[in-house]
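To start, the structure under review is shown below, and the notes come after it.
For this chain, numbers begin at 1 and follow the sequence in order. Hydrogens, waters and symmetry mates are skipped; everything else that's a heavy atom, side chains included, is used.
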Amino acid sequence: MKTMAIIGSQWGDEGKGKITDLLGQKCDIVVRFQGGNNAGHTIIVGDKKIVLHLIPSGILHPHTVSVIGHGVVFDPLSFKSEFEEVRQSGVEINPNNLKISINCPVITSYHKLLDSGREGHADSTKIGTTGKGIGPSYEDKIGRRAIKTHDLLDKNLLKEKLTSILLEKEVLFKNLYHVEYPSLEDETERLFELGQFIAPYLTDTFSFLQDPSRRDKKVLYEGAQGVLLDIDYGTYPFVTSSNTSVASIYSGAGIQQHFVEEVLGITKAYTTRVGEGPFPTELHDDVGEKIQKVGHEFGATTGRKRRCGWLDLPLLKYSIESSKLTSLALTKLDVLTEVDELKICTSYNYKGEVIKSAHPGINLYQAEPVYENMEPFKDKFENAGDLSPQLKAFIKTIETFVEIPVGILAYGPERNQIQFLKDYF
Ligand code: GDP
Ligand code: IMO
Ligand code: MG
């Protein structure tokens, strides 16, 4: 196999970072193709915890080239502090192992102010965004007025583009959101300086990936967020502003092969969500609290408590269909061993009908989950391949329902707390 994608199959935070880090070890190139620093991908190595937001999770392996494709919205300020933090933890980063597309839309201070202004405004729908300016920056990209990463190198052009960006936003800052904002001159200086910092890493990443010399390279595409946060497939409007599904690889980075050979859907053995929006299997009881505590379910980017609930197979089936997932990695199994009951949602009662696969015609606020009670598993995961009958039954129920195999079991945050049931790369 030469190409593989890692896609979150729920509402994000499924454990993509850990799996990308592990599989990235076997790859030549790891590519981010959408999202921005709203992502928080955690990798635990011994007593070190590294949280990556913009830098691909392949960076820990010196032989792997990490690529930030043009589909990513790029905040140079956030990048600089992440870069310095990662370097301080002993990871080598240089222009040979990190390439940033010359064509990423840039997140400016104005985008971040607009994001928080909207979230705080009484008349806006509160989405519970990460506040990183993701939505406003994608708006400017689609509105054809984005500043691209290569624009940061030309001060005059940068000022010209910032002027046009500020033209409309200034009206909103002054008259609607009533917030202070940096002057055009200050913002130009700040971004130009950051441009100098990223200059050695700027690359035409599309051509880099297409180069014939890389035809035989193993490439791993690292998705951010999850399918249910996809701007088109997700629980709109409670979504992020990019396509998080596999389709984004083609528009957000480019691919040399004709298709992605394996699309691995990372799936928590239960479900979590940060921010607002429907969540049919959400728990509002002691069990939900226990899962939140035992699973340390706090957002890696904002520190917010994650909402927790049971695994939702109708929604998982929908994610699999919309992102053409070919196998699953089931993560955080260890967390469920601490809980004395185990449920799995196998259908919804929806307006008197039984729904087995979620679809965009369903108002999830009105979907009543129907559960199968499963026997809890108490595995200690000491011997590889030694799974209890209860855990086997849990996996079997999932596989039978979704009709794709579970290829990976993860049972702890560390690199070695994993079992491969299928060979990747
Ligand atoms: P991502 O956004 O999908 O990369 O996931 P996050 O890093 O935001 O959140 C996943 C959290 O679970 C992180 O703190 C990981 O260290 C941790 N984690 C990943 N896999 C497992 C697992 O199998 N068990 C446990 N207990 N923690 C895990
Ligand atoms: P990773 O890659 C979980 C959520 C936010 C909010 C919505 C919109 O770590 O899985 P945005 O700032 O993107 O405009 O917020 O999307 N969200 C995430 N939730 N994991 C993420 O990324 C997320 N990125 C965005 O909480 O509900
Ligand atoms: Mg995360």
Rounded to the nearest 0.5 angstrom, the OH-CZ distance for Y201 and F83 is 3.0 Å
Considering residues at least two apart in sequence or located in another chain, which fulfil the side-chain contact (heavy atoms from CB on, under 4.5 Å) criterion with K48? S89
With T3 as partner, the option from E262, H258, E261 fulfilling side-chain hydrogen bond (donor to acceptor under 3.5 Å, both in side chains) is E261
Please determine whether the number of non-hydrogen atoms from other residues, nucleotides or ligands lying under 6.0 Å from atom NZ of K378 exceeds 12. yes
Could you walk me through whether R306 and Q292 pass the side-chain contact (heavy atoms from CB on, under 4.5 Å) check? CA-CA 7 Å; R306 295 174 181 149; Q292 195 276 328; 5.6 Å; no
Check: residues 393-405 side-chain donor-acceptor pairs under 3.5 Å, at least two apart:
from, atom 1, to, atom 2, distance (Å)
T397, OG1, A393, O, 2.8
E399, OE2, V406, N, 2.7
T400, OG1, K396, O, 2.6
E403, OE1, K317, NZ, 2.8

Counting only N and O atoms by type, is there a donor-acceptor contact under 3.5 Å from the side chain of T301 to the main-chain atoms of A39? yes
Is a donor from one side chain sitting under 3.5 angstrom from an acceptor on the other, for T272 and D13? no
Could you pull out all residues at least two apart from Q417 that satisfy side-chain contact (heavy atoms from CB on, under 4.5 Å)? K18, Y411, P413, E414
Is a donor from one side chain sitting under 3.5 angstrom from an acceptor on the other, for N97 and H61? no
Check: E119 and I127 side chains under 4.5 Å, non-hydrogen atoms: yes
Would you sort out whether E82 and L52 count as a side-chain contact (heavy atoms from CB on, under 4.5 Å), showing the intermediate values? CA-CA 7 Å; E82 180 179 336; L52 298 167; 3.7 Å; yes
In sequence, state the C-alpha distance, the side-chain angles, and the governing distance for E297 and K332, and then conclude on salt bridge (charged side-chain N to carboxylate O under 4.0 Å, His left out). CA-CA 11 Å; E297 295 295 355; K332 301 205 102 160; 3.0 Å; yes
Would you give me the side-chain donor-acceptor pairs under 3.5 Å for residues 354-377, sequence neighbours excluded?
from, atom 1, to, atom 2, distance (Å)
H359, ND1, G361, N, 3.1
N363, OD1, Y365, N, 3.0
E375, OE1, Q390, NE2, 3.4

I'd like to know if the side chain of T64 reaches the main chain of L60, judged simply by a donor and an acceptor atom lying under 3.5 Å from each other, with no hydrogens or angles considered. no
For T130 and N38, which I'm curious about, is there any donor-acceptor pair between the side chains at under 3.5 Å? no
Sidechain N-carboxylate O distance under 4.0 Å for K380, D334: no
Above 12 or not: heavy atoms from other molecules or residues under 6.0 Å from NZ of K148? yes
Within 45 degrees of the axis of the six-membered ring of Y424 and under 6.0 Å from its centre: does K422 put its NZ or CZ there? yes
Just do the salt bridge (charged side-chain N to carboxylate O under 4.0 Å, His left out) check on K268 and E14 with the steps written out, would you? CA-CA 5 Å; K268 239 177 228 183; E14 299 90 349; over 6 Å; no
Please confirm whether the backbone N or O of G226 pairs with a side-chain atom of T244, one donor and one acceptor, at under 3.5 Å? yes
Just distance, no hydrogens or angles: give the donor-acceptor pairs under 3.5 Å from side chains in residues 22-32, sequence neighbours left out.
from, atom 1, to, atom 2, distance (Å)
D28, OD2, K218, N, 2.6
R32, NH1, H53, O, 2.8
R32, NH2, Q34, O, 3.0
R32, NH2, G36, O, 3.1

Holding to side-chain contact (heavy atoms from CB on, under 4.5 Å), I want the full list of residues that pass it with I231, two or more places apart in sequence or in another chain. Y236, V239, N243
Evaluate D115 against T129 for side-chain hydrogen bond (donor to acceptor under 3.5 Å, both in side chains), listing each step before the verdict. CA-CA 8 Å; D115 196 354; T129 72; 2.9 Å; yes
Within 6.0 Å of CG in D423, more than 12 heavy atoms from elsewhere: no
